[in-house]
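Because the structure is predicted, anything quoted here is derived from the model rather than measured.
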Amino acid sequence: MPKIIWVMGARGFVGAHVSRAAADRGHVVCGLGHGAWLPDEAAAAGVSRWVNGEIDDANLDGLAEHGLPDGIIHCAGGSSVGVSLAAPFEDYSRSVTSTARLLEWLRRRAPQCGLVLASSAAVYGGGAPEGIVESADCQPASPYGTHKLAAEVLVRGAVRSFGTRAAIIRPFSLYGEELRKQLIWDICQKLRLRPDGLQLGGSGAELRDFVHVSDAAAFFVNILEQLWSQPAGLVVVNCGSGRARNIRAAASAVCAAWGAAFEPTFSGGERVGDPVHLVANPGHATSLGFRESVAFDEGVRRYVAWFKQRYPSR
């Protein structure tokens, strides 16, 4: 039976892919977030109704006029370490205040609704070369990670105090078409403007666990569907493949897909708030149905093709 799913932040990078994945599974998807979105544009992302605005009672009540949600996937919030360092209170408001408002609305209006929170592997902090398990200590190294962890604490409190049925998903390094920030985007921007060479910060030895956003989106919807058939409680799970890839190798793959005949160089400087190693132990995620269907090299080729089509070289 199709369910009504609300996606908070449905116009964002992750939210748009989650909306499309939910619609492809036959669910009715409604979205709330920032930005004007024409009905045909929203429909292309699988969103049947879109509300442009903050997560607050008025906008949530407006969506509820078309039916209370069976599930909510909360993808709204801060999305960048850099932005959180430049504007920490804004990042707090986007990640923590929005979550508090949503939980309060659910407590009063839709207590049986399942909730999936899109958190981040940034809650772990610096990480370690080996895969990080969900029970690892959380020591975030940036306001972004701290605020994601604070949102998690709010969800945990709602589960304990009000019986909310919820899941917290901690994605690792998501990438894919439509992403306009972070490593692969930055590399493509540099190659477009200076096609004769590439220098990046850091040492290049930093480790990341790259996950294509389409695989993450399918996992988000899968976890929500599992919540509906489970007793009230909390699921905490990584969204990562467990494949450690250093930044030098990742950057080389982007250069190869671009057609560049050189290897990237690195300045050796550290970036504030960025962990040295961030790789998942994928055991729990795999047991809950996570599957990596897009290999990294293929995902990079798709991203570079999208970028070149959208942003032609001068």
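Contact of the Leu103 side chain with the Arg107 side chain is not registered, since no non-hydrogen atoms from C-beta on lie closer than 4.5 Å. Contact of the Phe219 side chain with the Pro171 side chain is not registered, since no non-hydrogen atoms from C-beta on lie closer than 4.5 Å. Contact check for Val254 versus Cys188: side-chain heavy atoms found under the 4.5 Å cut-off. Contact annotation: the side chain of Gln139 never approaches that of Tyr124 to less than 4.5 Å [non-hydrogen atoms, C-beta and beyond]. Within the 4.5 Å cutoff, side-chain heavy atoms of His74 are placed close to those of Ser98. Between Tyr92 and Thr146 the shortest side-chain heavy-atom distance does not fall below 4.5 Å. Proximity of Phe290 to Asp215: side-chain heavy atoms (C-beta onward) are separated by under 4.5 Å at one or more points. Counting heavy atoms from C-beta outward, Val213 and Glu178 have side chains that stay 4.5 Å or more apart.
Ion pairing of Arg109 with Asp57 is absent here, as no side-chain N (NZ or NE/NH1/NH2) approaches a carboxylate O to less than 4.0 Å. Ion pairing between a basic and an acidic side chain is recognised when a charged N comes within 4.0 Å of a carboxylate O; Arg170 and Glu134 show no such pairing. Ion pair Glu104/Arg101 not flagged as a salt bridge, since none of the NZ, NE, NH1 or NH2 atoms sits closer than 4.0 Å to an Asp/Glu carboxylate oxygen. The existence of a salt bridge linking Asp24 and Arg20 is confirmed by a sub-4.0 Å separation between a basic side-chain nitrogen and an acidic carboxylate oxygen.
Under the ring pair (Phe, Tyr, Trp, His ring centres under 6.0 Å) criterion, Phe172 pairs with no residue at all, not counting sequence neighbours.
By the 30° and 60° cut-offs, the orientation of the rings of Trp185 relative to Tyr311 is perpendicular. Between His27 and Trp228, the angle of the ring planes goes over 60°, which puts this pair in the perpendicular group of the 30/60° scheme.
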Checking Arg248 against Glu206 for the side-chain contact (heavy atoms from CB on, under 4.5 Å) test, could you report, in this order, the C-alpha distance in whole Å, the side-chain angles of both residues, the deciding distance, and whether it holds? CA-CA 8 Å; Arg248 183 179 297 277; Glu206 302 88 352; over 6 Å; no

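Within 6.0 Å of CZ in Phe262 there are more than 12 heavy atoms belonging to other residues, nucleotides or ligands. More than 12 non-hydrogen atoms from other residues, nucleotides or ligands lie less than 6.0 angstrom from NZ of Lys308. In Arg302, the CZ atom is crowded: over 12 heavy atoms of neighbouring residues, nucleotides or ligands sit closer than 6.0 Å. Atom CZ of Arg108 has more than 12 neighbouring heavy atoms from other residues, nucleotides or ligands inside a 6.0 Å radius. Within 6.0 Å of the CD atom in Gln309, the count of heavy atoms belonging to other residues, nucleotides or ligands does not exceed 12.
Here the rule is side chain to side chain contact (heavy atoms under 4.5 Å, CB included) with Leu200, and of Asp186, Leu183, Thr265 only Leu183 fits it.
To the nearest 0.5 Å, the span separating CG on Leu179 from NE2 on His17 amounts to 8.5 Å.
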